[in-house]
Enquirer: 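Okay, here's the structure, questions in a sec.
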Amino acid sequence: MPVSSAYRPDPRFFDLGPEFGDPVEAADFPQTILRLRNDRAAAEVGLETLTDAEWLEHFGRFRPLPGQPGPIAMRYHGHQFRVYNPDIGDGRGFLAAQLRETPQAAPLRGGGVRGTISPRLLDLGTKGSGQTPWSRHADGRLTLKGGVREALAAAMLESLDVPTCRILSLIETGEDLERHDEPSPTRSAVMVRLSHSHVRFGTFQRAAYFSRTDQIETLIEHARSLYHPQVAPGDAVGFMAAVVQASARLTAKWIAAGFVHGVLNTDNLNVTGESFDYGPWRFLPHYEPGFTAAYFDHQGLYAFARQPEAVFWNLTQLAGCLKPVVGEAGGEAGVAALTEALNGFGPAYIRELRAAFLARLGVKSLGEAADQRLLDCTLALAREQKEALRWEPIFFDWFGGFSSAARALGGPRRKSYQGETFDAFRFALMEHEPDRPERLEHPMFAAAGPEEMLIDEVESLWSAIDRDDDWGPLKDKLARLEAARQAWDF
């Protein structure tokens with residue numbers, strides 16, 4: 001049997017019609033060498049029973065899965081570094097399938113009783129699968145290094161409870177690629193991600209660009225019904241508010257994780273508030289508000305501390321797309337309500353940031369004032385200690401609140417935990433009760449430090465593959481990140 005009985009195809013995007021995507025075919029690759037296979041993610045959609053041969057057929061040769069109509073290159077526009085580009089779309093990827101989460105996966109995700117959480121609609125999207133009508137003379141390929149980097153980013157983010165796609169599959173394809181920004185020729189790959197929607201802000205922008213309010217209305221209803229069903233049919237303002245809240249939560253969790261996306265264009269944000277498409281990402285080595293991930297981000301537009309501003313700017317573009325629909329239905333009052341929904345981002349972001357920092361420190365909320373004090377004191381300590389402490393070790397050392405004092409004060413970073421700034425942090429932390437302190441019994445917390453994802457390690461993992469075709473260090477790292485995910489148990 002090629003797929004498990006839990007597999008449930010549900011190709012909803014394909015029902016939107018030909019104005020939203022174009023049928024395409026995958027490239028015919030010289031080789032298909034399976035490098036990474038994420039069976040835990042596959043089990044969430046009933047694909048874990050595929051044999052390796054079947055896996056290569058579906059995710060290397062892209063024979064459609066049962067009940068799926070075939071690949072679709074999605075149409076969208078986008079602001080790229082705030083310059084509008086109407087000539088983009090799926091240029092090296094496509095939507096390969098849509099399917100429902102298994103009933104078993106939904107409760108695990110939501111922490112509820114089995115059957116009480118609706119299974120989500122998930123996408124299989126590709127990267128590096130060949131040219132499409134939107135390739136603009138590019139080769140439509142992905143470097144193997146790029147695929148490895150995406151797998152690392154997604155695994156690290158998932159371990160830290162950041163809403164993220166999962167890299168389902170990475171297959172080496174046997175082509176030599178030329179790239180101007182890295183040593184060439186370089187090895188090639190095709191990747192498949194499991195994601196909660198590929199409907200981007202830019203999908204709405206394309207419809208607005210062509211003044212197609214009918215398409216905007218269609219997209220609103222499509223995305224509302226599938227991803228924000230709590231919003232009433234026809235409620236464009238409610239839909240906007242839901243996207244704002246989801247985006248605020250995502251942004252706050254990026255900040256708490258010390259993550260810098262690098263390319264926060266409107267085509268890289270989607271309506272579910274789940275991040276995807278990891279190009280020049282980085283994790284903070286230490287607290288540095290101006291830290292950037294992309295070498296070409298000369299103005300620091302998408303620097304670490306400017307990510308909330310960037311997401312809000314992108315949400316403003318989405319609101320502009322919805323405005324004609326809202327204005328037609330509700331007049332000036334409707335537009336005012338849309339603006340109010342948009343402006344809900346700031347308060348939601350601050351609220352979610354407090355929650356994210358509490359989760360990272362493993363403590364319970366004590367109320368807005370005390371929670372904000374702990375957030376401020378944590379940032380002050382990170383700002384003062386910088387390289388001596390780094391970002392990730394703060395949360396590792398003090399996870400579980402002040403019950404971790406002996407572990408932190410006796411550990412390798414004990415010299416960073418002294419002085420007035422630390423005293424303020426300590427007093428703020430002491431106010432908060434530990435949340436599920438039994439998590440500290442996990443063996444990870446007996447280690448000297450946490451799993452980090454700094455650029456030197458990323459380059460070292462790739463070097464082992466590039467130089468010796470040694471995939472052991474990468475797979476060991478992914479295994480440690482999975483252990484960390486279980487240890488944090490957010």
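What's counted below: heavy atoms across the whole structure, side chains too, no hydrogens, waters or symmetry copies.
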Enquirer: Can you classify the ring geometry of Tyr349 versus Phe345 as parallel (below 30°), tilted (30 to 60°) or perpendicular (above 60°)?
Expert: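 If you compare the ring of Tyr349 with that of Phe345, the planes turn out parallel.
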Enquirer: Taking the side chain from Trp398 and the backbone from Pro393, do they hold a donor-acceptor pair closer than 3.5 Å?
Expert: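 Here the side-chain-to-backbone pair does not exist.
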Enquirer: Taking only Lys NZ, Arg NE, NH1 and NH2, and the carboxylate oxygens of Asp or Glu, determine whether Asp489 and Arg436 approach each other closer than 4.0 Å.
Expert: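 Yes, Asp489 and Arg436 are salt-bridged.
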Enquirer: Taking His261 for the side chain and Ser275 for the main chain, is one N or O donor matched with an acceptor at less than 3.5 Å?
Expert: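 It does not hold such a pair.
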Enquirer: Are Val243 and Asn270 close enough that some pair of their side-chain heavy atoms sits under 4.5 Å apart?
Expert: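 Contact flag for Val243/Asn270 side chains = no.
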Enquirer: Where is the tightest heavy-atom contact between Val260 and Ala303, given as atom of each residue plus distance?
Expert: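 Closest approach of Val260 to Ala303: CG1-C, 4.4 Å.
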Enquirer: Taking the basic N atoms (NZ, or NE/NH1/NH2) and the acidic carboxylate oxygens, is any pair closer than 4.0 Å for Arg467 and Glu459?
Expert: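 So Arg467 does not pair with Glu459 through a salt bridge.
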Enquirer: Do Ser404 and Arg407 pair up side chain to side chain, a donor and an acceptor below 3.5 Å, judged on atom types alone?
Expert: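 Looking only at side-chain atoms, Arg407 and Ser404 do form a donor-acceptor pair, the distance falling under 3.5 Å.
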Enquirer: Verify whether the ring centers belonging to His198 and Phe276 lie closer than 6.0 Å.
Expert: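 Yes, they do, as the ring centres are separated by less than 6.0 Å.
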Enquirer: For the pair Asp470 (side chain) and Gly472 (backbone), establish whether a donor and an acceptor sit closer than 3.5 Å, ignoring hydrogens and angles.
Expert: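 At least one qualifying donor-acceptor pair exists.
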Enquirer: Would you mind reporting whether Phe14 and Gln68 have side-chain heavy atoms less than 4.5 Å apart?
Expert: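 In short, these two side chains touch, coming nearer than 4.5 Å.
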Enquirer: Looking at Arg40 and Asn38, would you say the former's side chain and the latter's main chain have a donor-acceptor pair under 3.5 Å?
Expert: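 No, Arg40 side chain to Asn38 backbone: no donor-acceptor pair under 3.5 Å.
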Enquirer: Assess whether a salt bridge exists between Arg75 and Glu19, defined as any Lys/Arg side-chain N lying under 4.0 Å from an Asp/Glu carboxylate O.
Expert: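 Answer for the salt bridge query: no.
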Enquirer: How many angstroms lie between atom CZ of Arg12 and atom OG of Ser197, to the nearest 0.5 angstrom?
Expert: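 It is 13.0 Å, given to the nearest 0.5 Å.
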Enquirer: Can you check whether Phe304 and Trp254 have ring centres sitting under 6.0 Å from each other?
Expert: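 Ring centres of Trp254 and Phe304 not closer than 6.0 Å.
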Enquirer: Determine whether Leu124 and Leu95 make a side-chain contact, defined as any pair of heavy atoms from C-beta on separated by less than 4.5 Å.
Expert: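 They are not in contact (no side-chain heavy atoms under 4.5 Å apart), so the answer is no.
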Enquirer: Going from OG1 on Thr266 to CZ on Arg206, what distance comes out if it is rounded to the nearest 0.5 angstrom?
Expert: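 Interatomic distance, Thr266 OG1 to Arg206 CZ, rounded to 0.5 Å: 14.0 Å.
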Enquirer: Would you tell me whether Trp134 and Asp87 have side-chain atoms, one donor and one acceptor, within less than 3.5 Å of each other?
Expert: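 Asp87 and Trp134 do not have a side-chain donor-acceptor pair below 3.5 Å.
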Enquirer: Can you check whether Leu454 reaches Trp391 side chain to side chain, under 4.5 Å on heavy atoms?
Expert: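 Leu454 vs Trp391: side chains apart.
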Enquirer: Give me the atom names and distance for the closest heavy-atom approach of Pro66 to Tyr7.
Expert: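 Looking at all heavy atoms of both residues, the closest pair is O-OH, 2.6 Å.
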Enquirer: I'd like to know if Arg166 pairs up with Glu158 as an ion pair, taking the criterion as any Lys NZ or Arg NE/NH1/NH2 lying under 4.0 Å from an Asp or Glu carboxylate oxygen.
Expert: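 Counted as a salt bridge, because a side-chain N and a carboxylate O are separated by less than 4.0 Å.
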Enquirer: Donor-acceptor pair, distance only, cut-off 3.5 Å: does the side chain of Thr126 make one with the backbone of Ser129?
Expert: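 Not confirmed, Thr126 side chain does not pair with Ser129 backbone.
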Enquirer: Do the ring planes of Phe445 and His442 sit parallel (below 30°), tilted (30 to 60°) or perpendicular (above 60°)?
Expert: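 Ring orientation, 0 to 90° scale: perpendicular.
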Enquirer: Kindly say whether Gly91 contributes a backbone atom to a donor-acceptor pair with the side chain of Ser135 at under 3.5 angstrom?
Expert: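 At least one qualifying donor-acceptor pair exists.
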Enquirer: Output the distance between atom CD (Glu221) and atom CG (Asp235), rounded to the nearest 0.5 Å.
Expert: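 One gets 10.5 Å once the value is rounded to the nearest 0.5 Å.
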Enquirer: Taking the six-membered ring of Tyr278, is NZ or CZ of Arg193 closer than 6.0 Å to its centre and within 45° of its axis?
Expert: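 The answer is no; the distance or angle limit is not met.
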Enquirer: Strictly under 6.0 Å, is that where the ring centroids of Trp281 and Phe283 end up?
Expert: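 Yes, close enough.
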Enquirer: Short question: side chain of Ser188, backbone of Glu175 - any donor-acceptor pair under 3.5 Å?
Expert: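 Checked: pair present.
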Enquirer: With the threshold set at 4.0 Å, does a side-chain nitrogen-carboxylate oxygen contact exist between Arg120 and Asp10?
Expert: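 Salt bridge flag = no for Asp10 with Arg120.
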Enquirer: Ignoring hydrogens and angles, tell me if any N or O in the side chain of Thr173 forms a donor-acceptor pair with the backbone of Thr32 under 3.5 Å.
Expert: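 Checked: no pair found.
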Enquirer: Salt-bridged, Lys253 to Asp161, with N to O below 4.0 Å?
Expert: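 Looking at Asp161 together with Lys253, the answer is yes, because their closest N to O distance falls below 4.0 Å.
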Enquirer: Using a strict 4.0 Å threshold on nitrogen-to-oxygen distance, state whether Arg63 and Glu54 make a salt bridge.
Expert: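 Between Glu54 and Arg63 there is no salt bridge, as every charged N stays at least 4.0 Å from the carboxylate O atoms.
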Enquirer: What heavy-atom pair brings Leu160 and Ala257 nearest, and what distance separates the two atoms?
Expert: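 It is CD1-CB, 3.8 Å.
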Enquirer: Between the side chain of Ser184 and the main-chain N/O of Arg179, is any donor-acceptor distance below 3.5 Å?
Expert: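 Side chain of Ser184 to backbone of Arg179: a pair is present.
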Enquirer: Ion pair present between Glu392 and Arg360, side-chain N to carboxylate O less than 4.0 angstrom?
Expert: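 Yes, this pair counts.
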Enquirer: Suppose we call two aromatic rings close when their centres sit under 6.0 Å apart. Are Phe201 and His77 close by that rule?
Expert: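 No.
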Enquirer: Taking atom CG of Leu315 and atom CG of Leu269, what is their separation to the nearest 0.5 Å?
Expert: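 Between atom CG of Leu315 and atom CG of Leu269 there are 7.5 Å.
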Enquirer: Any heavy-atom pair between the side chains of His79 and Asn85 that's under 4.5 Å?
Expert: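 No, every pair of side-chain atoms sits at 4.5 Å or beyond.
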Enquirer: Phe204 and Tyr76: aromatic ring centres closer than 6.0 Å?
Expert: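 No: the rings miss the under 6.0 Å criterion.
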Enquirer: Identify whether the distance between the nearest side-chain nitrogen and carboxylate oxygen of Glu101 and Arg8 falls below 4.0 Å.
Expert: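 No salt bridge links Glu101 with Arg8.
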Enquirer: I need the Leu122 CG to Thr272 OG1 distance, nearest 0.5 Å.
Expert: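 With rounding to 0.5 Å, CG (Leu122) is 9.5 Å from OG1 (Thr272).
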Enquirer: Just by distance, do the side chain of Asn314 and the backbone of Leu264 share a donor-acceptor pair under 3.5 Å?
Expert: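 Yes, the answer is positive, given that a donor and an acceptor are paired below the 3.5 Å cut-off.
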Enquirer: On a heavy-atom basis, which atom in Ala348 and which in Gln245 lie closest, and how many Å separate them?
Expert: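 Distance-wise, the nearest heavy atoms are CB-OE1, 3.4 Å.
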Enquirer: What do the steps show when you test Glu274 against Thr164 for side chain to side chain donor-acceptor pair (under 3.5 Å), and what is the final call?
Expert: CA-CA 5 Å; Glu274 181 182 88; Thr164 178; over 6 Å; no
Enquirer: Is a salt bridge present between Arg212 and Asp214, judged by a nitrogen-to-oxygen distance below 4.0 Å?
Expert: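 Judged by the 4.0 Å cut-off on N to carboxylate O distance, Arg212 and Asp214 do form a salt bridge.
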Enquirer: Between Val3 and Gly46, which heavy-atom pair has the shortest distance, and what is it?
Expert: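 Reported closest heavy-atom pair: CB-O, 3.7 Å.
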Enquirer: What's the separation between atom NZ in Lys475 and atom CG in Leu36, rounded to the nearest 0.5 Å?
Expert: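 Nearest 0.5 Å value for the NZ-CG distance: 6.5 Å.
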Enquirer: Flag the pair Phe81 / Phe296 as yes when their ring centroid distance falls below 6.0 Å, and as no otherwise.
Expert: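 Here the rings of Phe296 and Phe81 have centres that are less than 6.0 Å from each other.
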Enquirer: Any ion pair linking Glu182 and Lys145 (charged N to carboxylate O, less than 4.0 Å)?
Expert: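 So Lys145 does not pair with Glu182 through a salt bridge.
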Enquirer: Does Arg306 come within less than 4.0 Å of Glu309, counting only side-chain N to carboxylate O?
Expert: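 A salt bridge is present here (some side-chain N lies under 4.0 Å from a carboxylate O).
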Enquirer: Please give me the minimum heavy-atom distance between Gly273 and Leu250, naming the atom from each residue.
Expert: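 Here Gly273 and Leu250 meet closest at O-CB, 3.5 Å.
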Enquirer: In terms of relative ring orientation, are His196 and Tyr227 parallel, tilted or perpendicular, with 30° and 60° separating the classes?
Expert: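 The rings of His196 and Tyr227 stand perpendicular, inter-plane angle above 60°.
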Enquirer: Ion pair present between Arg92 and Asp90, side-chain N to carboxylate O less than 4.0 angstrom?
Expert: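 Salt bridge between Arg92 and Asp90, a charged N being under 4.0 Å from a carboxylate O: no.
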Enquirer: Name the one of Asp297, Asn268, Asn265 that satisfies side-chain hydrogen bond (donor to acceptor under 3.5 Å, both in side chains) with Tyr302?
Expert: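 Exactly one candidate clears the test, Asn265.
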Enquirer: Determine whether the side chains of Trp55 and Ser169 contain a donor N or O and an acceptor N or O closer than 3.5 Å.
Expert: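 Result is yes, a qualifying pair exists.
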Enquirer: Would you indicate whether the side-chain heavy atoms of Ile465 and Arg187 approach each other to under 4.5 Å?
Expert: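 Arg187 reaches Ile465 side chain to side chain.
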Enquirer: Do Met453 and Arg282 have side chains that approach each other closer than 4.5 Å (heavy atoms only, starting at C-beta)?
Expert: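 No, every pair of side-chain atoms sits at 4.5 Å or beyond.
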Enquirer: Does some side-chain heavy atom of Met444 sit less than 4.5 Å from a side-chain heavy atom of Gln486?
Expert: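 Gln486 vs Met444: side chains apart.
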Enquirer: Looking at Asp277 and Lys127, does any basic side-chain N land under 4.0 Å from a carboxylate oxygen?
Expert: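 Lys127 and Asp277: salt-bridged.
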Enquirer: Would Asp469 and Arg35 pass as an ion pair if we require N to O under 4.0 Å?
Expert: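 Looking at Asp469 and Arg35, the cut-off is met.
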Enquirer: Checking Val325 against Leu322 for the side chain to side chain contact (heavy atoms under 4.5 Å, CB included) test, could you report, in this order, the C-alpha distance in whole Å, the side-chain angles of both residues, the deciding distance, and whether it holds?
Expert: CA-CA 6 Å; Val325 172; Leu322 305 189; 5.6 Å; no
